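What follows is a single structure, written as structure tokens, with notes after it.
No experiment lies behind these values; they were computed from the predicted model shown. Heavy-atom basis, side chains included; hydrogens, waters and symmetry copies ignored.
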Amino acid sequence: MKKILIGCAVLGVFLLLVAVGTIGYGVKILNSFASLYETTAATWAQVENQYQRRADLIPNLVNTVKGYAAHEQQTLLDVVQARNQAVSTQRPSANLNDETVFRKYQQAQDNLSSALGRLLVVVERYPDLKANQNFMALQTQLEGTENRIAVARQDYIRSVQFYNTRLRQIPAGWIAKTFGNYTLKPVFVATEGAEKVPEVSF
């Protein structure tokens, strides 16, 4: 009888250690996903910051161009409308897992990039505008912003790739999905011609 009690006690201690180890492992996994989640959110916030910086530059750019190329009204209007659409489109930051919101936001930003690219092509016809100090300063800021957008998007893509890869791994992904309600995050999809950064140098 004593041997049975000792055996039961040993088995109980063993099961307790296994349970504690399993719970500890699960907590460690959930903590690592919390960190990954915050990293992707932070890198996405940087993408939005750079898009906002670009949107803030556009009114001054349009007004400067308008002073030299007033008859290019349709091109200027396209840029203003694309900017307004990009600014008013729901941002994915509230729910970065919503692929529909993410795609709509990306499309609005791509449309703005396209309209801005067309405006900068038009500017080529106006040498006086290209020599204007205010325009040159705006052009430099815009060029820098486009570069920062590209870097921010790359950082986001890398962080999401790591997060999504980890979420697909077993058993970590299963634990994160079951107990942490984590889901895959969307990434940028290249649109035709998106591999070319808008040309803003003159």
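- A salt bridge links Lys130 and Glu124; the closest N-O separation between the charged side-chain nitrogens and carboxylate oxygens is under 4.0 Å.
- If you chain together hydrophobic residues whose side chains sit under 4.5 Å apart, Tyr25 and Phe179 fall into the same group.
- Distance check, rounded to the nearest 0.5 Å: CD1 of Ile29 to CZ of Arg166 gives 4.5 Å.
- Applying the salt bridge (charged side-chain N to carboxylate O under 4.0 Å, His left out) test to Arg53 and every residue at least two apart in sequence or in another chain returns nothing.
- At a threshold of 4.5 Å between non-hydrogen side-chain atoms, the residues Leu61 and Leu116 count as touching.
- Here the shortest heavy-atom pairing between Ala115 and Ala82 reads CB-CB, 3.9 Å.
- Across Tyr156, Tyr51, Tyr163, a single residue satisfies ring-ring contact (aromatic ring centres under 6.0 Å, His included) together with Trp44, and that is Tyr156.
- Hydrophobic clustering, with ILVMFWY side chains joined whenever heavy atoms are under 4.5 angstrom apart, keeps Val87 apart from Leu138.
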List the steps and the verdict of side chain to side chain contact (heavy atoms under 4.5 Å, CB included) for Arg103 and Val189. CA-CA 8 Å; Arg103 296 286 168 240; Val189 176; 3.5 Å; yes

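- Side-chain heavy atoms closer than 4.5 Å link hydrophobic residues (I, L, V, M, F, W, Y) into clusters, and following such links, possibly through other members, connects Leu184 to Trp174.
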Evaluate the side chain to side chain contact (heavy atoms under 4.5 Å, CB included) criterion for residues Leu120 and Leu142: first the C-alpha distance (whole Å), next the side-chain angles of each, then the deciding distance (0.1 Å), finally the verdict. CA-CA 11 Å; Leu120 294 172; Leu142 184 60; 4.1 Å; yes

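- Inter-residue side-chain proximity for Leu167 and Leu36 is flagged as unmet; no heavy-atom pair is nearer than 4.5 Å.
- Looking at Ile58 and Leu112, their side chains come closer than 4.5 Å, going by heavy atoms from C-beta outward.
- Proximity of Ile149 to Arg54: side-chain heavy atoms (C-beta onward) are separated by under 4.5 Å at one or more points.
- Thr145 OG1 to Asp56 CG: the interatomic distance, rounded to the nearest 0.5 Å, is 9.5 Å.
- Between the side chain of Thr40 and the main chain of Tyr37, a donor-acceptor pair closer than 3.5 Å is present.
- With sequence neighbours left out, Asn49 forms a side chain to side chain contact (heavy atoms under 4.5 Å, CB included) with Gln46.
- By the side chain to side chain donor-acceptor pair (under 3.5 Å) test, Asn134 is found to be paired with Thr64, residues two or more places apart in sequence or in another chain being considered.
- Among residues two or more places apart in sequence or in another chain, the salt bridge (charged side-chain N to carboxylate O under 4.0 Å, His left out) test is passed with Glu48 by Arg91.
- In this view, Arg158 and Asp155 satisfy the salt bridge (charged side-chain N to carboxylate O under 4.0 Å, His left out) rule, not counting sequence neighbours.
- Side-chain contact between Thr183 and Lys177: absent, with no pair of heavy atoms (C-beta onward) separated by less than 4.5 Å.
- A side chain to side chain contact (heavy atoms under 4.5 Å, CB included) with Phe188 is found for exactly one of Gln154, Arg153, Gln109, namely Arg153.
- Remark: Asn164 engages no residue in a side chain to side chain donor-acceptor pair (under 3.5 Å) (not counting sequence neighbours).
- In this structure Thr39 satisfies the side chain to side chain donor-acceptor pair (under 3.5 Å) test with no other residue, sequence neighbours excluded.
- Residues Ser159 and Lys185 have side chains not in contact (no heavy-atom distance under 4.5 Å, counting atoms from C-beta outward).
- The ring pair (Phe, Tyr, Trp, His ring centres under 6.0 Å) test applied to Tyr182 returns Phe33, not counting sequence neighbours.
- In this structure, the separation between CZ on Arg83 and CD on Gln85 is 12.0 Å, given to the nearest 0.5 Å.
- For the pair Leu30 and Ala176, the tightest heavy-atom approach, listed with the atom from each and the gap, is CD2-CA, 4.0 Å.
- One hydrophobic cluster, built from ILVMFWY side chains closer than 4.5 Å, holds both Ile157 and Phe102.
- Note that CG of Leu77 and CG of Leu119 are 12.0 Å apart. Values are rounded to the nearest 0.5 Å.
- In terms of the ring pair (Phe, Tyr, Trp, His ring centres under 6.0 Å) criterion, Phe162 has no residue partners (sequence neighbours excluded).
- With sequence neighbours excluded, the residues that form a side chain to side chain contact (heavy atoms under 4.5 Å, CB included) with Asp98 are Asn95, Thr100, Val101.
- Taking the salt bridge (charged side-chain N to carboxylate O under 4.0 Å, His left out) definition, one finds that Arg168 meets it with nothing, sequence neighbours left out.
- One distance of note links CG of Asp110 with OH of Tyr105; it measures 11.0 Å at 0.5 Å rounding.
- Heavy atoms from other residues, nucleotides or ligands lying under 6.0 Å from CD of Gln90 number 12 at most.
- Remark: Gln161 CD is loosely packed, at most 12 non-hydrogen atoms of other residues, nucleotides or ligands lying under 6.0 Å away.
- Residues meeting the side chain to side chain donor-acceptor pair (under 3.5 Å) test with Gln74, sequence neighbours left out: Asp78.
- Closest non-hydrogen pair, Leu57 versus Gln141, comes out as CD2-OE1, 3.2 Å.
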